[in-house]
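Written out below as structure tokens is the structure these notes cover.
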Amino acid sequence: MKEFFSRIPTIKYEGPKTTNPFAFKYYDPNRVIMGKTMEEHLPFAMAWWHNLCAAGTDMFGRDTADKSFGAEKGTMEHAKAKVDAGFEFMQKLGIKYFCFHDVDIVPEADDINETNRRLDEISDYILEKMNATGIKCLWGTANMFSNPRFMNGAGSTNSADVFCFAAAQVKKALDITVKLGGKGYVFWGGREGYETLLNTDVKFEQENIARLMHLAVDYGRKIGFTGDFYIEPKPKEPMKHQYDFDAATAIGFLRYYGLDKDFKMNIEANHATLAGHTFQHDLRISAINGMLGSIDANQGDYLLGWDTDEFPFNVYETTMCMYEVLKAGGLTGGFNFDAKNRRPSYTAEDMFHAFILGMDTFALGLIKAAELIEDGRIDGFIAERYASFGGEIGKKIRSGETTLEELSDYACKLGAPELPGSGRQEYLESIVNNVMFG
Ligand code: XUL
Ligand code: CO
């Protein structure tokens, strides 16, 4: 078997003092934190599209990286070379999962029958590799945004024929996901949105998206898919407005259309920040609704208004992420690095540096989040902040055993309430720094 990354060793944990660029400084898979190993807390996944397909092309220039892996692009030989390279890459890093779109794993043919045949062939090959290495599939999805036929969306398209093509792709992507034992199936609404309301029937489109999702759930359950379906919210890009704007919007949609028992959220950091939220915010909203499923682990750039899909570097962000994940009792899914190297970082070494950075940044976040929880000052403060609801009138409000008149009488007797306690934001932020830096 050809070795694609022969210059790169297997990446091991060497601790924070090492200067070896090909070693983990913080990600120690066997280290136990709050009763579970780091590896159990952090089921990392490789995104097929960024790591094995994307080679740096942007709106202003062509590829900088060579992702041919020794084969001619657009051929099945190339598709197989990507499988070989991808499994070698994951094994060298100790990554146990991958995520894919249908068209990441095979070149799309003009005729969908031929694409489906190729998908059967490549998934046999991937399955062999999975059995040989123990690497698993985190989730699969269908790319229903690149092909020109999806210019107006997939479920939200104005064309009934295109809707059928979307259905066909979802069906096949579900078949392959089930064949590979995927834990989840993702709907990222790539072009499920609009450019202008002047030509758009929003209600009609949303009903059709829900219809496609119901059809997917019915089919998936029929063929034995027991995992979670996910919506991956994103507010804009490629469309000016995307329907799955953020977690709150997507959860409302799922409940309205009766999809909430089968779906959870796949929260991507850079999508949350594009929606004007923090990453932590969308995680919290998902968690309190019982819908925190999986994470697309990346980060954006606060100076840019688009999806930069950078590898996670900001330890404050990963700490607050892991704080939410620990409080929620973990994920049913995992941490998929939906992230790409910067265009000038075009070498094989850079691919490894990126994952080492991402894995170490999440490991640090996990360590610090656990310390924050064990420190207890923040939890203690929050409990104290709402303590008045433990009093007589507060308890009545919480249990719903009161009336507006009773509360009004209570207020009128008081005349004026005491000011609510201080929010102490600066004090709490200094606790975070204290825990972060010791
Ligand atoms: C796009 C994005 C997608 C989804 C899967 O912003 O995040 O790659 O994760 O379709
Ligand atoms: Co994503």
Side-chain angles (χ1 to χ4, degrees), residues 44-55 57-59 97-105 108 137-147 150 153-156 166 169-170 172-174 176-177 182-193 209 212-213 216 227-247 249-250 263-275 277 279 282-283 286 292-301 304-312 317 321 331 333-341 354 358 362:
F44 290 126
M46 176 194 77
W48 211 272
W49 55 102
H50 283 313
N51 205 45
L52 304 174
C53 309
T57 289
D58 69 10
M59 245 116 79
Y97 292 92
F98 62 89
C99 299
F100 70 98
H101 300 84
D102 44 6
V103 304
D104 302 336
I105 55 174
E108 195 178 7
C137 172
L138 185 65
W139 52 256
T141 187
N143 176 327
M144 304 190 293
F145 44 88
S146 294
N147 193 302
F150 296 120
S156 67
Q169 259 187 262
V170 170
K172 192 67 186 176
L174 269 166
I176 303 297
T177 301
K183 287 175 78 170
Y185 184 87
V186 164
F187 280 88
W188 168 58
R191 292 186 196 269
E192 311 288 42
I209 295 169
L212 184 60
M213 288 178 175
D228 288 321
F229 288 86
Y230 300 119
I231 281 187
E232 183 178 322
K234 186 176 181 182
K236 54 187 164 185
E237 196 200 19
M239 297 308 248
K240 167 180 157 157
H241 182 98
Q242 305 228 155
Y243 294 132
D244 301 327
F245 195 90
D246 58 4
T249 312
F263 274 79
K264 289 191 168 69
M265 293 295 112
N266 179 38
I267 297 299
E268 177 163 325
N270 201 171
H271 294 180
T273 51
L274 281 178
H277 304 307
F279 180 24
D282 257 21
L283 295 169
S286 305
L292 179 54
S294 205
I295 285 177
D296 268 12
N298 64 14
Q299 73 174 46
D301 185 318
L304 303 177
W306 61 90
D307 196 12
T308 57
D309 285 338
E310 291 166 38
F311 275 87
E317 262 192 20
C321 165
L331 301 175
F335 297 82
N336 167 43
F337 286 112
D338 192 352
K340 59 185 180 222
N341 282 101
F362 266 90

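Just so it is clear, the structure is predicted and the values come from calculations on it, not from any experiment. Just follow the structure's listing: the first ligand is 1, and inside any ligand the first atom is 1. Sequence positions, counted from 1, serve as the residue numbers for this chain.
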In ligand 1, which numbered atoms sit nearer than 4.0 Å to a non-hydrogen atom of [X]?
{"X": "Asp296", "value": "9 (O)"}
{"X": "Asp307", "value": "6 (O)"}
{"X": "Trp49", "value": "8 (O), 9 (O)"}

Parallel, tilted or perpendicular, judged at 30° and 60°: which one describes the rings of Trp139 and His101?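 The arrangement is perpendicular - the two ring planes meet at more than 60°.
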What orientation do Phe98 and Phe100 show, parallel under 30°, tilted 30 to 60°, or perpendicular over 60°?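 Correct class here is tilted.
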Please determine which of Asp244, Asp246, Asp307 meets the salt bridge (Lys or Arg N to Asp or Glu O under 4.0 Å) test together with Lys234.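 Per the salt bridge (Lys or Arg N to Asp or Glu O under 4.0 Å) rule, the option paired with Lys234 is Asp307, out of Asp244, Asp246, Asp307.
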Hey, could you give me the [atom1]/[atom2] distance between [X] and [Y], rounded to the nearest 0.5 Å?
{"X": "Glu237", "Y": "His271", "atom1": "CD", "atom2": "NE2", "result": "7.5 Å"}
{"X": "Phe337", "Y": "Asp296", "atom1": "CZ", "atom2": "CG", "result": "10.5 Å"}
{"X": "Gln242", "Y": "Leu274", "atom1": "CD", "atom2": "CG", "result": "10.0 Å"}
{"X": "Phe279", "Y": "Thr273", "atom1": "CZ", "atom2": "OG1", "result": "9.5 Å"}
{"X": "Thr177", "Y": "Phe229", "atom1": "OG1", "atom2": "CZ", "result": "9.0 Å"}
{"X": "Met265", "Y": "Ile231", "atom1": "CE", "atom2": "CD1", "result": "5.0 Å"}

Are any of the N/O atoms on [X], whether in the backbone or the side chain, positioned under 3.5 angstrom from an N/O atom of ligand 1?
{"X": "Trp139", "answer": "no"}
{"X": "Asn266", "answer": "no"}
{"X": "Thr141", "answer": "no"}

Using a strict cut-off of less than 4.0 Å between a Lys/Arg side-chain nitrogen and an Asp/Glu carboxylate oxygen, indicate whether Lys172 and Asp102 qualify as a salt bridge.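 Asp102 and Lys172: not salt-bridged.
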Using 2.8 Å as the cut-off, note every protein N, O or S atom close to the Co ion (ligand 2). Glu232 OE2, Glu268 OE1, Asp296 OD2, Asp338 OD2
Any His271 heavy atom less than 4.0 Å to ligand 1: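 So His271 counts as touching ligand 1.
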Assess Asp338 for proximity to ligand 1: is some non-hydrogen atom of it under 4.0 Å away? yes
Checking contacts here: is it the side chain or the backbone of Glu237 that comes within 4.0 Å of ligand 1, counting heavy atoms only? Could be both or neither. neither
Would you mind telling me which of Ile295, Ile267, Asp338, Thr141 makes a side-chain contact (heavy atoms from CB on, under 4.5 Å) with Glu232? Asp338
Which residue and atom name correspond to the protein heavy atom nearest atom 5 (C) of ligand 1, and how close is it?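 Looking only at protein heavy atoms, the one closest to atom 5 (C) of ligand 1 is His101 NE2, 3.2 Å.
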For atom 4 (C) of ligand 1, state which one of Glu268, Glu232, Lys234 supplies the nearest heavy atom.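 Closest candidate by heavy-atom distance is Glu232.
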